[in-house]
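Nothing here was measured: the structure is a model prediction, and the numbers come from that model.
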Amino acid sequence: VPALEAGKVLFFPQLRFELTPDETRLLRADVRDEKSRNISLRNDGVLAGAAVQGEEQARLTAMIGRFRAQACALIDAIAPAYKPALRLAPTSFRPTQVESRVQSWRADDRRLHVDAFPSRPNRGERILRVFTNLNPNGEPRVWRVGEAFEDIARRFVPRAKPYVAWQAKALKMLHVTKSLRTEYDHLMLQLHDGMKSDVDYQRNSPQVTMPFPPGSTWVCYSDQASHAVMSGQFMMEQTLHLPAEAQVDPTASPLAILERQLRRKLT
Ligand code: SIN
Ligand code: FE
């Protein structure tokens, strides 16, 4: 837990998600609807983003649901103290080859970033993620992992555009955001965009390349651990949210780090 809350990526080299032979046949790019980025299982059990019907759809739903249960059990084992405060988010299956995706710089996850979502303000709530590589052809999922959040904040907060409260209210009124974008949310988006748009930072900032082999699992706070995905295909991902106050050490959260640096409340 201290490593996780310090923004490290926990690596479980031999923790695989077992597939049945029938499920192995779902490892194809065309199970995804071209209009969606990922296939996701919503909390109400509805599958979104899939291009398969009938029996295959039921099999895909069951497979993603089983991953959800196992990912949640892993978090309960690693961090039992989180259990009463965790909030489940959708589970995703990512069957697209990373190298072949064409995207704008802002949407391009091949650039180092911390996760922050323009339409979904979270007021400091954490984004905890469990990933597992399912690739049947031995291909790793290759990530780059960057510098500590404190260093990212020190570098990019001074360059951030100021928060404008009336703009945040307008974005909410226009339903661009699902709730009010707080100054914390604004800053996290500024860090995300500042990192991704800085070509020199992408190339020259402290980083390590980490190939996650098939049959391995990794866990991190993706709003804190700087990451980029360079290659790979077929991965499962579970997101869980946790209020920063429910961390074992709330002073290690991005919210606390940013508030210390700026010496004011951000939510
Ligand atoms: C991301 O959160 O940036 C994507 C990670 C991945 O697809 O491996
Ligand atoms: Fe990301």
Taking [X] for its side chain and [Y] for its backbone only, find out whether a donor-acceptor pair lies under 3.5 Å.
X: R68; Y: C72; value: no
X: R123; Y: R181; value: no
X: N43; Y: L88; value: yes
X: E5; Y: V248; value: yes
X: N137; Y: E139; value: no
X: Q224; Y: V114; value: no
X: S216; Y: P213; value: yes
X: D33; Y: A51; value: no

**Study point:** S197: partners by side chain to side chain contact (heavy atoms under 4.5 Å, CB included), with sequence neighbours left out
**Key:** W105
Check your understanding: What residues form a side chain to side chain contact (heavy atoms under 4.5 Å, CB included) with M230, not counting sequence neighbours?
Key -> R110, V142, R144, A228
Exercise for review: Please say whether the positively charged group of R126, taken as NZ for Lys or CZ for Arg, lies over the ring of Y221, i.e. under 6.0 angstrom from the six-membered ring centre and within 45 degrees of the axis.
Suggested key: yes
Point to revise | Connected hydrophobic set around L189, excluding itself, where side chains approach under 4.5 Å | key: none
Point to revise | Transitive ILVMFWY cluster of W166, excluding itself - 4.5 Å side-chain cut-off | key: V164
May I ask you to say whether [X] pairs ionically with [Y], meaning some side-chain N is under 4.0 Å from a carboxylate O?
X: K265; Y: E183; answer: no
X: R106; Y: D193; answer: yes
X: R94; Y: E237; answer: yes
X: R87; Y: E125; answer: yes
X: R154; Y: E150; answer: no
X: R203; Y: D200; answer: no

With [X] via salt bridge (Lys or Arg N to Asp or Glu O under 4.0 Å) - residues at least two apart:
X: R111; result: D108
X: R101; result: none
X: R120; result: none
X: E99; result: none

Least distance between heavy atoms, [X] atom then [Y] atom:
X: D223; Y: M188; value: O-CE, 3.1 Å
X: P121; Y: S119; value: CD-O, 3.3 Å
X: I39; Y: G49; value: CG1-O, 3.4 Å

In the structure I gave you, are the side-chain heavy atoms of [X] and [Y] within less than 4.5 Å of one another anywhere?
X: I152; Y: S226; answer: yes
X: L242; Y: L128; answer: no
X: F93; Y: N38; answer: no
X: R129; Y: V219; answer: no
X: M63; Y: T20; answer: no
X: L171; Y: M173; answer: no
X: V157; Y: Q190; answer: no
X: F212; Y: T132; answer: no

Review point. Taking it one step at a time, do T91 and Q238 satisfy side-chain hydrogen bond (donor to acceptor under 3.5 Å, both in side chains)?
Key: CA-CA 5 Å; T91 317; Q238 176 67 54; 2.6 Å; yes
Exercise for review: Begin with the C-alpha distance, continue with both residues' side-chain angles, and end with the deciding distance and a verdict on side-chain contact (heavy atoms from CB on, under 4.5 Å) for N135 and M235.
Suggested key: CA-CA 7 Å; N135 191 282; M235 181 180 75; over 6 Å; no
Distance from [X] atom [atom1] to [Y] atom [atom2], nearest 0.5 Å?
X: Q14; Y: T217; atom1: CD; atom2: OG1; value: 11.0 Å
X: M236; Y: N133; atom1: CE; atom2: CG; value: 12.0 Å
X: F156; Y: L187; atom1: CZ; atom2: CG; value: 13.5 Å
X: L60; Y: D22; atom1: CG; atom2: CG; value: 12.5 Å
X: L258; Y: R263; atom1: CG; atom2: CZ; value: 13.5 Å
X: Q167; Y: H186; atom1: CD; atom2: NE2; value: 8.5 Å

Revision key, fill the gap. Residue set satisfying ring-ring contact (aromatic ring centres under 6.0 Å, His included) with F131, at least two apart, ordered chain then number -> W143, W218
**Study point:** Test log, rule side-chain hydrogen bond (donor to acceptor under 3.5 Å, both in side chains), inputs D185 and T182
**Key:** CA-CA 5 Å; D185 296 294; T182 64; 2.6 Å; yes
Practice item. Could you please spell out the steps behind the side-chain contact (heavy atoms from CB on, under 4.5 Å) verdict for V52 and R28? Key: CA-CA 11 Å; V52 290; R28 349 183 278 270; 3.9 Å; yes
Sorted by first residue and then second, give each ring pair (Phe, Tyr, Trp, His ring centres under 6.0 Å) pair with at least one member in [range]; sequence neighbours left out.
range: residues 233-267; value: none
range: residues 25-72; value: F17-F67
range: residues 242-267; value: none

Exercise for review: May I have the step-by-step check of side-chain hydrogen bond (donor to acceptor under 3.5 Å, both in side chains) for Q207 and Y201, ending in yes or no?
Suggested key: CA-CA 10 Å; Q207 55 191 277; Y201 180 77; over 6 Å; no
Check your understanding: With no hydrogens and no angle check, do the side chains of D109 and H227 hold a donor and an acceptor under 3.5 Å apart?
Key -> no
Point to revise | L191 and F149: CA distance, side-chain angles, deciding distance, side-chain contact (heavy atoms from CB on, under 4.5 Å) verdict | key: CA-CA 10 Å; L191 298 186; F149 188 85; 3.7 Å; yes
**Study point:** Check against side-chain contact (heavy atoms from CB on, under 4.5 Å), M195 and D198
**Key:** CA-CA 5 Å; M195 293 168 78; D198 186 335; over 6 Å; no
Review point. Do you reckon I257 sits in the same ILVMFWY cluster as V1, going by side-chain contacts under 4.5 Å, direct or chained?
Key: no
Review point. Would V229 end up clustered with L134 when hydrophobic side chains under 4.5 Å apart are linked, directly or stepwise?
Key: no
